[in-house]
2 protein chains.
Amino acid sequence: MSPPPAKRPRSKNPHGATEPCLAVRDVLTRVGDKWSVLVVGSLGDGPLRFSDLKRGIEGISQRMLTLTLRGLERDGLVTRTQYPTVPPRVEYALTPLGHTLLDPVQELAKWALQSRAAIQTARGRYDKKPKPPPPTGPTRR
Amino acid sequence: MSPPPAKRPRSKNPHGATEPCLAVRDVLTRVGDKWSVLVVGSLGDGPLRFSDLKRGIEGISQRMLTLTLRGLERDGLVTRTQYPTVPPRVEYALTPLGHTLLDPVQELAKWALQSRAAIQTARGRYDKKPKPPPPTGPTRR
DNA sequence: CTGTATCCTGCTAGATACTG
DNA sequence: CAGTATCTAGCAGGATACAG
């Protein structure tokens, strides 16, 4: 039998183990998608109907709103309440868990607003620099 | 000439204007991608070399690490310092702006760790329910 | 060691049309 | 009003090979 190829003992990460990383990535894929945060933010003020959400979030398509809401519902962050009236009326609201997300997200939003200018300045500067010069002379990035 | 089709006066959003949304989305696309947060987190303890980052972040490919670092550099969140030694040695570090991002991100990470269990429970519950029943009888979701 | 250049795949998300 | 069903384009991201 050939000896087992020694599975990489895995040096522990300096900033935490592998476990937390997975959790963070997991959350980030939910929260980091194009619309989830905006939906959660919209619901922060209280329950809203489907069409109100759609109107409130400029640019979202019906499809994406549905998908986003399903995802959030699945994760236990929002509830869906359907009133059997005609025409149908469905309300979405944050769960307690969903509310706890509101805080970190607003932190991030605050950062975004504060840093927006700085970031755009940095981008402008960076985008002007790239000097891939002619083969003559030492290329210096 | 045909009259301009009246550009939709746009009702103002209840949770803020359209402006902030753009900023938030902008940040989210940077922060919400698969690796940026982990890179920033890794650099939180201090500067690191390329290969150290690669080793520290389990599962990232060379390509994505490079791309992520370029993006962060462009946005003024990290600096790249190249020592003209042989072999080449490049160190990445957070800028002051980058450090300010560390805080909100860690908030979110904390939330992720705390809520992980609850979310997975919710998912399990949700994934069991879907009852697309036989065509006989009133389908009730 | 630190990248860049290709190739290739799957998913994300938009547009549109149709149903209860 | 509230959703589902399709179709499709674009791009994020992985593997690999090569270069300074």
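Reckoned from all heavy atoms, side chains included, excluding hydrogens, waters and symmetry mates. Sequence lines set the chain letters: A, B, ... in the order given, protein chains first and strands last, and positions in each chain run from 1.
Atom CD1 of A:I60 is separated from atom C1' of C:dA13 by 10 Å (rounded to the nearest Å). Atoms CZ (A:R55) and C1' (D:dA2) sit 12 Å apart, rounded to a whole Å. Nucleotide C:dA13 holds its P atom 12 Å from the CG atom of A:L38, rounded to whole Å. Rounded to an integer number of Å, the gap from CZ of A:R70 to P of C:dA13 is 17 Å. For A:L69 and D:dA2, the CG to C1' distance is 11 Å, given to the nearest whole Å. C:dC1 atom P lies 13 Å from atom CG of B:L65, rounded to whole Å. Taking atom CG of B:L48 as the reference point, atom C1' of C:dT2 lies 15 Å away to the nearest angstrom.
Scanning for salt bridge (Lys or Arg N to Asp or Glu O under 4.0 Å) contacts around B:R74 gives A:D127, with sequence neighbours left out. Listed by chain and residue number, A:E107 satisfy the salt bridge (Lys or Arg N to Asp or Glu O under 4.0 Å) test with A:K110 (two or more places apart in sequence, or in another chain). Residues satisfying the side-chain hydrogen bond (donor to acceptor under 3.5 Å, both in side chains) criterion with A:D103, sequence neighbours excluded, are absent altogether. Partners of B:P47 by side-chain contact (heavy atoms from CB on, under 4.5 Å), not counting sequence neighbours, listed by chain and number: B:E91, B:A93.
If you check every strand for non-hydrogen atoms under 4.0 Å, B:S51 touches sugar and phosphate atoms only.
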Provide a list of protein-nucleic acid N or O atom pairs under 3.5 angstrom, restricted to nucleotides 11-13 of chain D.
from   : atom 1 : to    : atom 2 : distance (Å)
D:dG13 : OP1    : B:K34 : N      : 3.1
D:dG13 : N7     : B:R63 : NH2    : 2.4

Dump the pairs, protein N or O against N or O of nucleotides 18-20 of chain C, anything under 3.5 Å, distances to one decimal.
none

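The existence of a salt bridge linking B:R30 and B:D75 is confirmed by a sub-4.0 Å separation between a basic side-chain nitrogen and an acidic carboxylate oxygen.
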